[in-house]
Trainee: 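Input: one structure, supplied below.
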Amino acid sequence: MKVSMFCCGCSLHTGCLIIGALQLIGSCIITLTFTGILCSSFIQDEVDEYCSEENIKPEYEEFCNDDPILALKIFYGYYLAIGLVYLIIGSLLVHGARSKNPRLLLPWIVISGLSMVFKIIIIILYAATNGPQAFLGCFISILLILCISGYFLLVVHSYRKELRENGNQQGYKN
C-alpha cells in the first residue's frame, strides 16, 4: 500500500519532516523528563511516600521489602533509553528526508512497526488480565494511536519507496 501525499496536500517529503519533528519533540520531552527524574530526589520521595510504615498498602508490601529504589531506577532508566532510541531514529528520519537518503528512513520504519506490534500485544495482555471492561475503556484511545501511527508509517514507507523508485539524485545506493 502506498500514499502519494501527506495530509492537507503536503508532499511525502514534507510529511516525513513533520513526522520527524514531532518525534524529536516528543522524544526530547521524554528524555529530559526521565533524566530529571533519575537525577533528582523524586525516586527517594516516592519510596518514602509509598513505603513508609503509616502509608504502606498491602499491594506495595512486596515491592517495599525488595529494593524499591533500584527497581524504580531500572523502570525510569528503561523509559530514558526508549526516549534516546526515539531521539536517534527521529534524527535519522529528518536527516534521511532532508538528504533524500532512503536507507536512513528504514530504522524509523522498523522501530515504528515493532512499536505498533508491541502496542497490540499490550492491549491483548491488558484485556486478558483485567477483563473486557478494562479493554473497552482503553480500546478507543489505543485504536486512535494505532491509526495515527499506522498512517505515519505508511507515509514514511511511501516516501522511502518513492526515493528508491526515482533513483535518488544524491548517489546513494538503494
Trainee: With sequence neighbours left out, write down each residue that passes side-chain hydrogen bond (donor to acceptor under 3.5 Å, both in side chains) with Asp48, or none if nothing qualifies.
Mentor: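 Asp48 satisfies side-chain hydrogen bond (donor to acceptor under 3.5 Å, both in side chains) with Gln44 only.
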Trainee: Could you walk me through whether Ile30 and Ile82 pass side chain to side chain contact (heavy atoms under 4.5 Å, CB included), step by step?
Mentor: CA-CA 8 Å; Ile30 290 169; Ile82 294 293; 5.9 Å; no
Trainee: For Lys2, which residues count as a side-chain hydrogen bond (donor to acceptor under 3.5 Å, both in side chains) partner, sequence neighbours excluded?
Mentor: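 Lys2 satisfies side-chain hydrogen bond (donor to acceptor under 3.5 Å, both in side chains) with Glu165 once adjacent residues are dropped.
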Trainee: Under the side-chain hydrogen bond (donor to acceptor under 3.5 Å, both in side chains) rule, collect the residues that match up with Ser40, sequence neighbours excluded.
Mentor: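 Ser40: no side-chain hydrogen bond (donor to acceptor under 3.5 Å, both in side chains) contacts found.
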Trainee: What distance separates Leu84 CG from Leu87 CG, expressed to the nearest 0.5 Å?
Mentor: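 Here the interatomic distance stands at 6.5 Å.
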Trainee: Quick one: does Leu104's side chain get under 4.5 Å of Ser99's, heavy atoms only?
Mentor: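 Yes. Closest side-chain heavy atoms under 4.5 Å.
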Trainee: Can I get a per-line list of side-chain donor-acceptor pairs under 3.5 Å for residues 17-27, giving both atom names and the distance, sequence neighbours left out?
Mentor:
unit_1	atom_1	unit_2	atom_2	d
Gln23	OE1	Trp108	NE1	2.4
Gln23	NE2	Tyr86	O	3.4
Ser27	OG	Gln23	O	2.9
Ser27	OG	Leu24	O	3.2

Trainee: Under 4.5 Å between side-chain heavy atoms, counting indirect links through other Ile/Leu/Val/Met/Phe/Trp/Tyr residues: same cluster for Leu146 and Leu125 or not?
Mentor: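 Leu146 and Leu125: separate clusters.
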Trainee: Does Val85 share a hydrophobic cluster with Val110, counting links as ILVMFWY side-chain heavy atoms below 4.5 Å and allowing steps through other members?
Mentor: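 Unlinked, Val85 and Val110 end up in two clusters.
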Trainee: Specify the closest pair of heavy atoms between Ile145 and Lys119, including all atoms of both residues, with the distance to one decimal.
Mentor: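 Where Ile145 meets Lys119 most closely, the heavy atoms are CG2-NZ, 3.7 Å.
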Trainee: Looking only at non-hydrogen atoms, find the nearest pair between Lys73 and Leu38 and report the distance.
Mentor: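 What the structure gives for the nearest pair is O-CD2, 3.8 Å.
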Trainee: Hey, any chance Leu143 and Ile121 share a hydrophobic cluster, counting ILVMFWY side chains that come within less than 4.5 Å of each other, even indirectly?
Mentor: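 Not linked; separate clusters.
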Trainee: What ring-ring contact (aromatic ring centres under 6.0 Å, His included) pairs are there with at least one residue in residues 13-33, not counting sequence neighbours?
Mentor: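 Sorted pair list: His13-Tyr159.
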Trainee: Look up atom CD1 in Ile111 and atom CG in Leu92, then write down how far apart they are to the nearest 0.5 Å.
Mentor: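 If I round to the nearest 0.5 Å, the distance is 10.5 Å.
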Trainee: To the nearest 0.5 Å, tell me how far Cys39 SG sits from Tyr76 OH.
Mentor: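 The distance works out to 14.0 Å.
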Trainee: Would you say the side chain of Ile122 lies within less than 4.5 Å of the side chain of Ile142, judging by non-hydrogen atoms?
Mentor: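 A side-chain contact is absent here, since even the closest heavy-atom pair is not under 4.5 Å.
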Trainee: Look at the side-chain heavy atoms of Ile, Leu, Val, Met, Phe, Trp and Tyr, link any pair under 4.5 Å apart, and say whether Leu154 and Met5 land in one connected group.
Mentor: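 No; tracing contacts between hydrophobic side chains, which count when under 4.5 Å, never links both residues.
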Trainee: Would you say Ile109 ends up clustered with Leu163 if hydrophobic residues are merged whenever their side chains have heavy atoms under 4.5 Å apart, either directly or through other cluster members?
Mentor: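 Looking at the clustering, Ile109 is in the same group as Leu163.
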Trainee: Measure the OG-CG distance between Ser158 and Leu105 for me, rounded to the nearest 0.5 Å.
Mentor: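 Ser158 OG to Leu105 CG: 11.5 Å, rounded to 0.5 Å.
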Trainee: How about Tyr79: does its OH atom have over 12 heavy atoms from other parts shown lying under 6.0 Å from it?
Mentor: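 Open: at most 12 neighbouring heavy atoms sit under 6.0 Å from OH of Tyr79.
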Trainee: Which atoms form the tightest heavy-atom contact between Pro107 and Ile89, and what is the distance?
Mentor: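 Here Pro107 and Ile89 meet closest at CB-CG2, 4.2 Å.
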Trainee: Supply the atom-to-atom distance Phe34 CZ to Ile37 CD1, rounded to the nearest 0.5 angstrom.
Mentor: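 One gets 5.0 Å once the value is rounded to the nearest 0.5 Å.
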Trainee: When rounded to the nearest 0.5 angstrom, what distance separates CZ in Phe152 from CZ in Phe6?
Mentor: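 Those atoms lie 5.0 Å apart.
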Trainee: Using the test side-chain hydrogen bond (donor to acceptor under 3.5 Å, both in side chains), find all partners of Asp66 that sit at least two apart in sequence or belong to another chain.
Mentor: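 Asp66 satisfies side-chain hydrogen bond (donor to acceptor under 3.5 Å, both in side chains) with no residue once adjacent residues are dropped.
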Trainee: Could you tell me whether the side chain of Thr31 reaches within less than 4.5 Å of the side chain of Leu80, counting heavy atoms only?
Mentor: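 A side-chain contact under 4.5 Å exists here.
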